2 protein chains.
Amino acid sequence: MTSQGQRKPTAEGVARAAAKLAGFLPETPLLELDIRGTTVWCKAECLQPIGAFKIRGAWHRLSDLSDEEKARGVVGVSSGNHAQGVAWAARRLGIRAAIVMPVDAPAVKLANTRTLGAEVVLYDRPGGEDRDTVAARLCEERGATLVHAFADPWVIEGQGSTGLELAAQMERRGIGAPTRIVTPCGGGGLAAGLALACPDAAIVPVEPEGWDDVCRSLAAGEIVPVADPAFPTACDALQTPATRPINFEVLKARVPFGLSVTPAEVRAAQRLAFAQLRLVVEPGGAAALAAALAGKVSLDGRTVIVLSGGNTDAAAFAEVLASAD
Amino acid sequence: MTSQGQRKPTAEGVARAAAKLAGFLPETPLLELDIRGTTVWCKAECLQPIGAFKIRGAWHRLSDLSDEEKARGVVGVSSGNHAQGVAWAARRLGIRAAIVMPVDAPAVKLANTRTLGAEVVLYDRPGGEDRDTVAARLCEERGATLVHAFADPWVIEGQGSTGLELAAQMERRGIGAPTRIVTPCGGGGLAAGLALACPDAAIVPVEPEGWDDVCRSLAAGEIVPVADPAFPTACDALQTPATRPINFEVLKARVPFGLSVTPAEVRAAQRLAFAQLRLVVEPGGAAALAAALAGKVSLDGRTVIVLSGGNTDAAAFAEVLASAD
């Protein structure tokens with residue numbers, strides 16, 4: 001297992017990740033949306049090949065491994081989107097990948113990860129099994145490199161490339177630099193990356209009700225875990241019990257506060273994305289849009305809302321469309 | 001009412017339309033999709049601001065009107081997507097627009113057209129009322145310009161800009177020129193435009209079962225209407241009783257045959273677009289993908305599939321997701 005989190009993620013690293021990705025990963029669209037008379041810009045990361053921004057960090061990390069590390073393989077830990085990102089990058093690079101995933105992950109995420117050629121190792125999230133222990137054991141046994149879903153400098157830098165890409169799109173289209181980037185937040189990998197990528201924009205992380213560890217940590221000035229790690233949420237992608245020092249150090253220097261959204265607010269955002277943007281957005285991917293629609297964040301014509309993922313089961317999505325709240 | 005259909009649509013007109021649109025309408029993404037081991041390219045026109053490619057032809061037509069014509073307004077005839085395209089362009093150009101729409105159009109299309117500021121004039125499609133008679137009367141009364149949904153040289157040229165845009169994207173990404181473009185087909189506006197835009201690509205128009213007037217016309221060598229204009233279909237966007245000479249002249253010179261798809265094939269395509277592309281595609285917009293998935297068209301690594309629209313009611317889409325055929 002290689003050492004993790006010893007170097008700090010940097011803006012230069014974000015630029016290097018963006019340059020590596022620009023060669024083969026087409027830009028995701030920046031879609032115009034009117035919210036109560038204000039035009040905002042939705043960055044549709046749900047249109048990435050694996051349906052989420054996670055492909056960015058996984059590629060930056062895996063493509064930087066030494067030949068020796070590549071030969072020993074990687075181990076990822078993920079509720080599903082990071083899993084697919086690591087599996088996608090590993091297949092392209094010819095690296096063996098094992099992903100530790102919760103038994104209660106959406107079926108579509110489990111199936112897609114396997115289709116991408118990765119070995120899926122299940123752990124008992126509902127029963128309280130610790131995924132990091134499972135992953136550490138696998139790394140030990142195989143000499144594999146752990147690719148953490150958010151507490152990794154490469155992963156943070158890779159996710160940050162989203163920020164450079166959207167800023168370039170806005171400049172090309174004459175919109176101007178982003179003033180504020182509202183983003184779904186789990187462990188804080190994407191939020192920290194955006195903070196490094198766009199030093200002049202306000203970064204607003206949005207978490208689901210009950211999984212507001214980054215909100216609480218920013219308020220307390222130190223890392224505070226969620227109150228109840230068994231709290232039910234549809235936002236499986238954002239179910240992180242606690243952020244980590246490598247993420248929090250970046251966030252606390254740049255982000256004064258986070259927001260949280262209710263299940264009904266998330267469903268309303270998914271329905272709006274369906275009807276107005278023709279996008280399938282998963283619950284966690286819709287958290288930032290939910291905060292904007294609920295009037296929890298101030299908007300101007302240079303506000304960006306990240307739609308971070310679109311991997312959701314058909315039955316669950318049909319239920320959201322049918323719900324009237 | 002200005003004279004229509006007197007000039008022929010041209011490749012030069014397509015290039016002029018593309019140049020006008022490039023200034024303010026961002027490219028729609030060209031998304032990679034694996035079908036039985038072959039990579040094909042899906043042109044996501046459902047991500048246009050109004051959720052369909054129709055914005056292209058409407059803009060090209062309305063922006064070319066004289067100041068006098070602009071002052072007298074426009075009348076459109078549409079089941080919904082052309083309606084929104086005309087309404088969108090009219091609002092940006094400060095032109096008064098009335099749209100003749102069927103009473104049984106999807107609620108979302110009626111609502112969106114009104115939200116865009118157009119006057120909606122309903123006609124009784126299920127009862128057999130002739131929409132062209134209603135539109136001609138309105139034009140007569142107001143001195144307005146008719147903007148036909150497909151039998152108009154500007155409209156054909158505007159839709160054709162889709163072809164120039166996707167060919168440029170493929171070239172930039174090193175894929176090479178498109179060999180084949182599979183496209184949903186109603187009256188043949190988009191298909192004719194693509195034929196003009198991409199003279200070296202095979203154009204494959206796909207119609208829904210029962211609404212196969214272009215298929216029948218290509219087979220007969222002359223315009224043949226559908227057999228039963230009351231045949232039920234979920235593909236409201238493709239319910240055209242017969243193509244018109246201005247479209248057919250272009251098509252018969254370039255297109256040897258058309259294909260048709262069943263309701264179950266269309267639903268399967270909508271479900272695949274949901275799960276693999278995270279896109280909301282309406283039934284008519286999924287017709288070309290349906291033909292490709294059903295093995296009705298040969299595919300290679302430079303085949304493009306147009307996903308032409310994404311305006312569908314939530315209840316109808318939820319039903320498609322729940323259907324198991």
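Just so we're clear, the structure is a prediction, and the values are computed from it rather than from any experiment. Letters go in sequence order (proteins before strands), and every chain restarts at 1.
- Contacts from residues 21-34 of chain B to chain A, taken as heavy-atom pairs separated by less than 4.5 Å, involve Pro26(B), Pro29(B), Leu31(B), Glu32(B) in sequence order.
- Considering only heavy-atom pairs separated by less than 4.5 Å from chain B, the leading option among Glu282(A), Arg173(A), Gln276(A) is Arg173(A).
- Taking the salt bridge (Lys or Arg N to Asp or Glu O under 4.0 Å) definition, one finds that Asp104(A) meets it with Arg125(A), sequence neighbours left out.
- Residues Leu279(B) and Val280(A) form no side-chain contact, since every pair of their non-hydrogen atoms from C-beta on lies 4.5 Å or further apart.
- Arg302(B) CZ: more than 12 foreign heavy atoms inside a 6.0 Å radius.
- Counting non-hydrogen atoms of other residues, nucleotides and ligands closer than 6.0 Å to CD of Glu119(B) gives a total above 12.
- Listed by chain and residue number, Phe274(B), Leu321(B) satisfy the side chain to side chain contact (heavy atoms under 4.5 Å, CB included) test with Ala314(A) (two or more places apart in sequence, or in another chain).
- Among Leu307(B), Asn311(B), Val281(B), the one residue that satisfies the side chain to side chain contact (heavy atoms under 4.5 Å, CB included) test with Arg278(A) is Asn311(B).
- With a 4.5 angstrom heavy-atom cutoff, Asp313(B) touches chain A only via backbone atoms.
- Of residues 36-48 of chain B, those residues with a non-hydrogen atom less than 4.5 Å from any non-hydrogen atom of chain A are, in numerical order, Cys46(B), Leu47(B), Gln48(B).
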